[in-house]
Amino acid sequence: AAETVDTARGELDAAINRLSEEAERFQARIGEVKDAGDTSWEAVKSGLAEAKAAHNRTIDKIKGAFAKLL
């Protein structure tokens, strides 16, 4: 049981790190396009979609890690 908890904790930490990295990349993209027009707005929307997808993948991995515990 302790090994499973340690594995799940490691997976959770890795998922959180990936989400943080995605957020940093997204934040950098926002900084690059904040003063631009329609083309930049499309880039922002695309970045949001990418961040949301990364977030969803991360949440799924977290759920999977906790499901292994139960």
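What you are looking at is a predicted structure, and each value in this text was computed from that prediction instead of being measured.
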* By side-chain hydrogen bond (donor to acceptor under 3.5 Å, both in side chains), which residues pair with Glu11, not counting sequence neighbours? -> Lys68
* Asked: Listed by chain and number, what are the side chain to side chain contact (heavy atoms under 4.5 Å, CB included) partners of Ile62, not counting sequence neighbours?
  -> Leu12, Ala15, Thr58, Ile59, Phe66
* salt bridge (Lys or Arg N to Asp or Glu O under 4.0 Å) between Arg25 and Glu22: does it pass, once the steps are laid out? -> CA-CA 5 Å; Arg25 282 193 288 263; Glu22 287 292 327; 2.5 Å; yes
* **Closest heavy-atom pair and its distance - Ala65, Ala8** => O-CB, 3.7 Å
* Asked: Does Glu42 pair with Lys45 as a salt bridge, N-O distance under 4.0 Å?
  -> yes
* Set of salt bridge (Lys or Arg N to Asp or Glu O under 4.0 Å) partners for Arg9, sequence neighbours left out -> Asp6
* **Counterpart residues, side chain to side chain contact (heavy atoms under 4.5 Å, CB included), relative to Ser46 (two or more places apart)** => Arg29, Glu50
* Structure fact -> Residue set satisfying side-chain hydrogen bond (donor to acceptor under 3.5 Å, both in side chains) with Arg57, at least two apart, ordered chain then number -> none
* Asked: What distance do Asn56 atom CG and Lys61 atom NZ have between them, rounded to the nearest 0.5 Å?
  -> 12.5 Å
